[in-house]
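We use all heavy atoms of the structure for the numbers below, so side chains are in, but hydrogens, waters and symmetry mates are not.
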Amino acid sequence: MYRTTIKELIRWKLDINRKPLIIFGARQVGKTWLIQEFGRQEYKQTVYVNFEKMKVVRNLFEEDFDIQRILASLSVFASATINPDDTLIVFDEIQAAVDGVTALKYFYEDAPQYHVVAAGSLLGMNLHQNISFPVGKVDFLYLKPLSFPEFLKALEEERLADLVENPDWKIVHLFKEKLVNYLRYYLFLGGMPEVVSHFVQHRDFRLARLVQRKILISYQNDFSKHAPKEIVPRINMVWKSIPSQLSRENKKFIYGVIKNGARAKEFELAIQWLLDCGLLHQCFRISKPGMPLSAYQDLSAFKLYHNDVGLLGAMAKLPLKTILDGNVIFTEFKGALTENFVIQQLILNEDNEIYYWANENSTAEVDFVVQNEEEIIPIEVKSGTSVKSVSFKFFCEKYKPAKAIRTSLADHRQEAWMVNVPLYAINSI
């Protein structure tokens, strides 16, 4: 399975100012596989330590931060000579090691020649009260579920993947039917590596759904493991409400959907925990598309999207027949899957700041407004081939953005005031 993030790892390896690297990400997004594949491709040997599974080494850093002692202990543990030029040192589930994250500071200060990568789930790292990050002493990399082009490559459609990332629209049109079909697959399966790998191996949607359910159960088990007992019920209530929140015509998060009479102060901490875990994405409303967008955000109005469109469908118990029944999957529960798919692709570019726009009385709304450096781009998401949008046109006429994008199942089309980009090519923007 190819991950574009491996290019960033190679750049990190070659950086003369390289620091120990921490790879973040929600559980099950493929951190361990990525690191081991990177080690296999780029190093003569990899010394791998999983502090969650290998309890005997959890106290490796507790005595002191003498790097030579630590390296000697690792050499004995791995039965290998650790050379700075050809060895990748991997500390997996580093949050389970006593003072593990702190130790990375001393690798940077006392032994910068060594190549050290640490990994941990956001749920374990961000929510662990005893972890203090050595700011300025480590590099960070955030791993997310597979993008749609990565999904195509996993299905051995490398040329299609390249085509949707760098489209020649005349050629893209020739493969539209095939691309729409694969997009239906992606909306059902999502981008979790284990789910995709299982589907590639067995080509069975039912078996893939079982893997999705297993992942969802593991997430909920982790809530109880990491969160204070008093907040776990509220985390579960917010988590379980996400399909209902997104199935509404107006997808603004409403506390009353969780339970009658619910108020923000009751659930703000629970929402923040889920955001810190990397399981949800928050998208705030802006009152106008001014620069910077953050200056115009309304902190009381926001949407919450799932970290993976396939897991969202599994939570909503989306039936398998939606894969077979034409393009109905794009419009299921008010187009929630399609909208979640789009933001899942947009956040892959870490330069994107993503908001949505609505007027004061919520009679007009644009799904996403994205700031990328000095560019502000409104993006309207349409679930099918019907592309009329009064709100989007109103927004563009009022604010006259230099660039406006509508994404739908319709073909690429350039108009005077906006461009239509097919959903399956949204990564190209």
Side-chain angles (χ1 to χ4, degrees), residues 26 144-145 147-148 151 180 183-192 195 205 208-209 212-213 215-216 219 237-258 271 274-275 278-285 301-348 354-358 362 365-370 379-389 391-392 406-409 422-424 426:
K144 304 176 183 73
S147 67
F148 182 56
F151 176 80
V180 170
L183 184 55
R184 286 203 300 266
Y185 286 13
Y186 186 90
L187 292 188
F188 188 89
L189 297 167
M192 300 303 284
V195 176
F205 289 102
R209 175 52 57 84
Q212 289 173 327
R213 289 173 181 166
I215 292 173
L216 290 171
Y219 282 168
M237 291 172 73
V238 173
W239 177 244
K240 291 177 181 178
S241 81
I242 298 303
S244 297
Q245 299 280 358
L246 292 174
S247 67
R248 298 168 57 253
E249 192 71 46
N250 179 352
K251 294 175 176 58
K252 174 187 172 183
F253 189 85
I254 302 296
Y255 290 97
V257 172
I258 301 176
I271 290 173
L274 289 165
L275 294 170
L279 300 183
L280 297 178
H281 304 300
Q282 192 171 39
C283 185
F284 286 101
R285 171 186 172 267
F302 59 88
K303 302 176 184 179
L304 290 178
Y305 294 96
H306 208 292
N307 74 322
D308 181 69
V309 66
L311 294 183
L312 172 62
M315 286 181 70
K317 295 182 171 56
L318 187 74
L320 177 60
K321 70 179 181 66
T322 56
I323 289 288
L324 308 172
D325 191 9
N327 291 334
V328 69
I329 193 169
F330 296 102
T331 55
E332 277 293 337
F333 57 107
K334 302 291 192 298
L337 292 176
T338 307
E339 204 167 309
N340 207 104
F341 162 77
V342 171
I343 194 171
Q344 189 172 334
Q345 306 310 303
L346 292 176
I347 64 170
L348 292 168
I354 306 169
Y355 300 84
Y356 78 97
W357 173 83
S362 297
E365 181 178 309
V366 172
D367 296 314
F368 302 113
V369 182
V370 178
I379 300 176
E380 179 73 2
V381 180
K382 304 301 288 185
S383 301
T385 54
S386 176
V387 293
K388 291 183 179 180
S389 177
S391 294
F392 188 49
R406 181 180 61 212
T407 183
S408 68
L409 290 180
L423 281 163
Y424 46 77
I426 191 64

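Put simply, the side chain of Leu274 does not reach to within 4.5 Å of the side chain of Ile242, judged on heavy atoms. Taking the side chain as every heavy atom from C-beta outward, Val257 and Arg248 approach each other to under 4.5 Å. Side chains of Leu311 and Tyr219 form a contact here, defined as non-hydrogen atoms less than 4.5 Å apart. Residues Arg285 and Glu365 are not in side-chain contact: their nearest non-hydrogen atoms beyond the backbone lie 4.5 Å or more apart.
Residues Leu312 and Ala336 come closest through the heavy atom pair CD2-O, 4.4 Å. Between Ser391 and Val366, the shortest heavy-atom distance links the atoms O-CG2, 4.3 Å. Of all heavy-atom pairs between Leu275 and Leu280, the closest is CD2-O, 3.5 Å. Closest approach of Leu409 and Ser383 over heavy atoms only: CD1-O, 4.0 Å. In this structure, Pro145 and Gln344 approach most closely via the heavy-atom pair CB-NE2, 3.8 Å. Nearest approach of Lys252 to Ala301, heavy atoms of both residues: CE-CB, 3.9 Å.
By the 30° and 60° cut-offs, the orientation of the rings of Phe148 relative to Phe151 is parallel.
The backbone N or O of Gly191 sits less than 3.5 Å from a side-chain atom of Asp308, completing a donor-acceptor pair. Thr338 places a side-chain N or O within donor-acceptor distance of the main-chain N or O of Phe330, the cut-off being under 3.5 Å. Of the possible donor and acceptor atoms, none in the side chain of Gln282 sits under 3.5 Å from a partner among the backbone N and O of Phe302. With hydrogens and angles disregarded, a donor-acceptor distance shorter than 3.5 Å links the side chain of Arg209 to the backbone of Leu318. Checked by atom type and distance alone, the side chain of Gln245 pairs as donor or acceptor with a backbone atom of Ile254 at under 3.5 Å. Using modelled atom types, one side-chain atom of Gln212 and one backbone atom of Phe188 make a donor-acceptor pair closer than 3.5 Å.
Separation of atoms OG1 (Thr407) and CD1 (Ile379) is listed at 8.0 Å; rounding is to 0.5 Å. Distance check, rounded to the nearest 0.5 Å: CD1 of Ile329 to CZ of Arg184 gives 8.0 Å. For the atom pair OG (Ser244) and CD1 (Ile258), the distance works out to 10.5 Å, reported to the nearest 0.5 Å. A distance of 9.0 Å separates NZ of Lys251 from CZ of Phe333, quoted to the nearest 0.5 Å. To the nearest 0.5 angstrom, Ser241 atom OG is 8.5 Å from Leu246 atom CG. To the nearest 0.5 Å, atom CZ of residue Phe368 and atom CH2 of residue Trp357 are 15.5 Å apart.
Here the rule is side chain to side chain contact (heavy atoms under 4.5 Å, CB included) with Asp367, and of Glu380, Lys382, Arg406 only Glu380 fits it.
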> Would Trp239 and His306 count as a side-chain contact (heavy atoms from CB on, under 4.5 Å) if you check the C-alpha gap in whole Å, the side-chain angles of each, and the deciding distance to 0.1 Å?
Replying inline: CA-CA 9 Å; Trp239 177 244; His306 208 292; 3.2 Å; yes

> Going through the distances and angles, do Ile271 and Tyr255 end up as a side-chain contact (heavy atoms from CB on, under 4.5 Å)?
Replying inline: CA-CA 11 Å; Ile271 290 173; Tyr255 290 97; 3.9 Å; yes

> Between Phe341 and Ile426, does a side-chain contact (heavy atoms from CB on, under 4.5 Å) hold up when you go through it step by step?
Replying inline: CA-CA 10 Å; Phe341 162 77; Ile426 191 64; 3.9 Å; yes

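Salt bridge Lys303/Glu339: present, at least one basic N to carboxylate O contact under 4.0 Å.
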